[in-house]
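Everything on this sheet refers to the single structure shown next.
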Amino acid sequence: MKIKLCGMRREEDIVFANRYRPDYIGFVFAKSPRQVSPAQAAQLGRMLAPDIEAVGVFVNEPLSSLEKTMREVPLHVIQFHGDEDAGYIGGVKKLGVSVWKAVRVRAEGDIRHAETLGADMLLIDAFSPDVYGGTGKTADWSMIARAQPAQPFFLAGGLHAGNIMEAVRRVEPFGVDISGGIETDGYKDEDKIKELMGEMKRL
């Protein structure tokens with residue numbers, strides 16, 4: 001089970017990641033309370049343990065701007081949370097980076113459409129009409145389980161130490177993506193990270 005801790009924006013966050021060893025960490029470049037600049041992400045990325053992969057999170061980013069960020073920040077994965085289509089995703093994959101596509105699910109058809117876009121991985125998140133992600137809402141696990149996505153996917157949306165085991169059991173994702181569930185007052189909380197990673201070790 002792969003683990004991604006998203007929304008890293010302070011040196012302390014990277015220290016926590018290096019201590020508890022998720023598979024991935026996420027830098028949010030889109031408008032968000034967790035947004036970082038390319039310069040900030042580059043500095044934090046230099047602190048990151050070499051066996052932890054960095055994911056860049058974007059929403060409807062112009063390709064020229066995305067390429068500029070990729071030149072400045074070493075990113076292993078590009079994760080899209082906007083309205084990116086198959087043509088755009090295909091163009092980004094030509095840059096030699098893995099591409100993940102987030103899908104905010106209301107119905108099985110949302111997953112089926114996302115599977116046609118050519119991404120390497122899906123990230124299935126809760127739907128909100130107002131924002132593209134990071135809502136803290138729990139996705140519809142029963143619907144996702146019924147849909148049985150054909151493509152490997154990460155589960156996101158309202159996950160924390162108290163519900164992560166049930167989510168994994170019911171949905172059987174390739175990995176899990178956690179952000180708000182490891183925060184207190186909007187900042188990463190070492191105790192919550194430790195508790196969550198301890199739960200995941202039971203798998």
Side-chain angles (χ1 to χ4, degrees), residues 1-10 12-28 32-34 48-49 51-55 57 76-77 79 81 98 100-108 110-112 114-115 119-128 131-203:
M1 181 65 56
K2 300 296 184 181
I3 304 168
K4 173 172 168 269
L5 304 182
C6 200
M8 303 306 212
R9 56 195 174 105
R10 302 176 302 162
E12 300 99 298
D13 300 343
I14 303 300
V15 170
F16 300 156
N18 290 343
R19 187 170 294 155
Y20 297 103
R21 316 306 278 195
D23 301 283
Y24 304 91
I25 60 96
F27 295 126
V28 178
S32 161
R34 304 180 182 101
L48 189 64
D51 59 331
I52 302 174
E53 297 195 355
V55 179
V57 180
H76 301 86
V77 178
Q79 177 179 317
H81 266 264
S98 180
W100 298 358
K101 180 68 177 81
V103 51
R104 296 168 293 148
V105 292
R106 286 174 291 184
E108 292 183 24
D110 297 323
I111 296 172
R112 298 292 168 247
E115 290 174 333
D120 298 296
M121 182 85 64
L122 299 182
L123 186 141
I124 300 180
D125 200 354
F127 177 81
S128 170
V131 295
Y132 284 103
T135 65
K137 294 180 179 178
T138 304
D140 186 340
W141 299 341
S142 297
M143 185 269 289
I144 298 167
R146 287 196 306 272
Q148 295 186 326
Q151 191 167 0
F153 69 96
F154 274 69
L155 179 67
L159 298 175
H160 52 78
N163 67 7
I164 195 84
M165 295 300 287
E166 182 186 359
V168 167
R169 178 181 59 79
R170 290 176 58 181
V171 181
E172 299 182 346
F174 175 83
V176 290
D177 185 315
I178 306 99
S179 188
I182 48 171
E183 291 180 349
T184 298
D185 298 328
Y187 293 95
K188 296 295 182 276
D189 182 320
E190 181 176 8
D191 290 338
K192 290 184 178 180
I193 293 173
K194 180 179 180 180
E195 183 182 9
L196 180 126
M197 297 300 289
E199 285 292 298
M200 295 302 293
K201 286 179 181 178
R202 294 167 51 198
L203 293 173

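Residue numbers run from 1 in the order of the sequence given. As the structure is a computational prediction, the values presented were derived from the model and not from experiment.
- When every heavy atom of Ile124 is checked against every heavy atom of Pro149, the shortest pair comes out as CD1-CG, 3.9 Å.
- The two residues Arg21 and Ala49 come nearest to each other via the heavy atoms NH1-CB, 3.4 Å.
- In this structure, a donor-acceptor pair under 3.5 Å is present between the side chains of Tyr20 and Glu190.
- Here the CG-OG1 distance, from Asp191 to Thr184, works out to 8.0 Å after rounding to the nearest 0.5 Å.
- To the nearest 0.5 Å, atoms CD1 (Ile25) and CG (Asp23) are separated by 12.0 Å.
- The heavy-atom pair separating Ala167 from Pro173 by the smallest distance is O-CD, 4.5 Å.
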From CA spacing to verdict: side-chain contact (heavy atoms from CB on, under 4.5 Å), Arg9, Tyr187: CA-CA 9 Å; Arg9 56 195 174 105; Tyr187 293 95; 3.4 Å; yes
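- A donor-acceptor pair under 3.5 Å links the side-chain atoms of Asp110 to the main chain of Arg106, judged by distance alone.
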side-chain contact (heavy atoms from CB on, under 4.5 Å) between Ile14 and Met8, worked out: CA-CA 7 Å; Ile14 303 300; Met8 303 306 212; 4.2 Å; yes
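- With Glu199 contributing its side chain and Asn163 its backbone, the two residues share no donor-acceptor pair below 3.5 Å.
- A salt bridge links Asp13 with Arg10: the closest approach of a Lys/Arg side-chain nitrogen to an acidic carboxylate oxygen falls below 4.0 angstrom.
- For Trp141 against Leu155, the heavy-atom pair with the smallest separation is NE1-CD2, 3.9 Å.
- Under a 3.5 Å cut-off, the side chain of Ser179 and the backbone N or O of Cys6 do form a donor-acceptor pair.
- Side-chain contact between Lys188 and Arg34: present, with at least one pair of heavy atoms (C-beta onward) separated by less than 4.5 Å.
- The minimum heavy-atom distance between Leu5 and Ile193, with the atom names listed, is CD1-CG2, 4.0 Å.
- Here CZ of Phe174 is found 11.5 Å from CD of Gln151. Values are rounded to the nearest 0.5 Å.
- A heavy-atom distance below 4.5 Å is found between the side chains of Ile164 and Ile178.
- A salt bridge links Lys4 with Asp177; the closest basic N to acidic carboxylate O contact falls under 4.0 Å.
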Steps toward side-chain contact (heavy atoms from CB on, under 4.5 Å) verdict (Val77, Tyr24): CA-CA 9 Å; Val77 178; Tyr24 304 91; 4.2 Å; yes
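- Annotation: side chain of Val176 is in contact with side chain of Met200 (closest heavy-atom distance under 4.5 Å).
- You'll find the side chain of Lys101 stays beyond 4.5 Å of the side chain of Asp120, heavy atoms only.
- The NZ atom of Lys201 sits 11.0 Å away from the CG atom of Leu196 when rounded to the nearest 0.5 Å.
- Pairing each heavy atom of Ala54 with each of Leu48, the nearest pair is CB-CD2, 4.3 Å.
- Proximity of a side-chain donor or acceptor of Arg146 to a complementary backbone N or O of Glu108 within less than 3.5 Å is not detected.
- Looking only at distances, no side-chain donor or acceptor of Glu183 sits under 3.5 Å from a matching main-chain atom of Asp189.
- No side-chain heavy atom of Ile144 sits less than 4.5 Å from a side-chain heavy atom of Ser142.
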Pair Met165-Arg202, side-chain contact (heavy atoms from CB on, under 4.5 Å): steps then yes or no: CA-CA 9 Å; Met165 295 300 287; Arg202 294 167 51 198; 4.0 Å; yes
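- The existence of a salt bridge linking Glu195 and Lys192 is excluded, since no basic side-chain nitrogen approaches an acidic carboxylate oxygen closer than 4.0 Å.
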